[in-house]
Amino acid sequence: QVQLVESGGGLVQAGGSLRLSCEVSGRTFSSYAMGWFRQAPGKEREFVAAISWSGGRTYSADSVKGRFTISRDNAKNTDYLQMNSLKPEDTAIYYCAVRRGVTIAWRAYEYDYWGLGTQVTVSS
């Protein structure tokens, strides 16, 4: 089984920054891509960013481009989501996910394992 644990969420003022981490443990795949999704109250879960196994390719939602950066450290089985210039509309529960293979994906159903999420709240 694969476990994902997110951390780094919290309360921040608009314009501030947070860095989320996602540590993967257990019987992981030999290679896996990672992604971040978020879900605000009353809304569907939406894609935020994804990164390939090598880290050489990333993809972000238009709503966060230029503000959020995804990265990973395979030696630590961890990926990161650096969030800058946060806005109140970024408030949501942020979920980390992994999928078998080397290529990125942006659809939730393409991911195999999920974390329990971490709350991010941006005050105006």
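Side chains are part of it too, since the values below use all heavy atoms of this structure and drop only hydrogens, waters and symmetry mates.
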Quiz item: Under the ring pair (Phe, Tyr, Trp, His ring centres under 6.0 Å) test, which residues partner Phe47, sequence neighbours left out?
Solution: Phe37, Tyr59
Quiz item: Between Ala92 and Ala40, which heavy-atom pair has the shortest distance, and what is it?
Solution: CB-N, 3.8 Å
Quiz item: Going by the salt bridge (Lys or Arg N to Asp or Glu O under 4.0 Å) test, which pairs reach into residues 108-124, not counting sequence neighbours?
Solution: Arg107-Glu110
Practice problem: Can you run down the salt bridge (Lys or Arg N to Asp or Glu O under 4.0 Å) pairs that involve residues 73-85, sequence neighbours left out, and say none if there aren't any? | Solution: none
Tell me, please, which residues at least two apart from [X] pass side-chain hydrogen bond (donor to acceptor under 3.5 Å, both in side chains).
| X | value |
| --- | --- |
| Ser31 | none |
| Arg67 | Asp90 |
| Glu89 | none |
| Arg19 | none |

Practice problem: Please list, chain by chain and in numerical order, all residues satisfying salt bridge (Lys or Arg N to Asp or Glu O under 4.0 Å) with Glu23, sequence neighbours excluded. | Solution: none
Quiz item: Sequence neighbours excluded, which residues qualify as salt bridge (Lys or Arg N to Asp or Glu O under 4.0 Å) partners of Lys65?
Solution: Asp62
Quiz item: Yes or no on side-chain contact (heavy atoms from CB on, under 4.5 Å) for Trp36 and Leu20, after CA distance, side-chain angles and deciding distance?
Solution: CA-CA 10 Å; Trp36 287 92; Leu20 305 183; 3.7 Å; yes
Only pairs under 3.5 Å count here: list side-chain donor-acceptor contacts from residues 4-15, not counting sequence neighbours, and write none if there are none.
from	atom 1	to	atom 2	distance (Å)
Glu6	OE1	Leu116	N	3.3
Glu6	OE1	Gly117	N	2.9
Glu6	OE2	Cys96	N	2.9
Glu6	OE2	Gly117	N	3.2

Quiz prompt | Criterion side-chain contact (heavy atoms from CB on, under 4.5 Å) on Val24 and Met34, from CA distance to verdict | solution = CA-CA 10 Å; Val24 183; Met34 300 186 74; 3.4 Å; yes
Quiz item: Sequence neighbours excluded, which residues qualify as side-chain contact (heavy atoms from CB on, under 4.5 Å) partners of Gln1?
Solution: Gln3, Tyr113
Self-check item: Residue pairs, two or more places apart or on separate chains, that pass side-chain hydrogen bond (donor to acceptor under 3.5 Å, both in side chains) and touch residues 91-102
Solution: Arg38-Tyr94, Arg99-Thr103
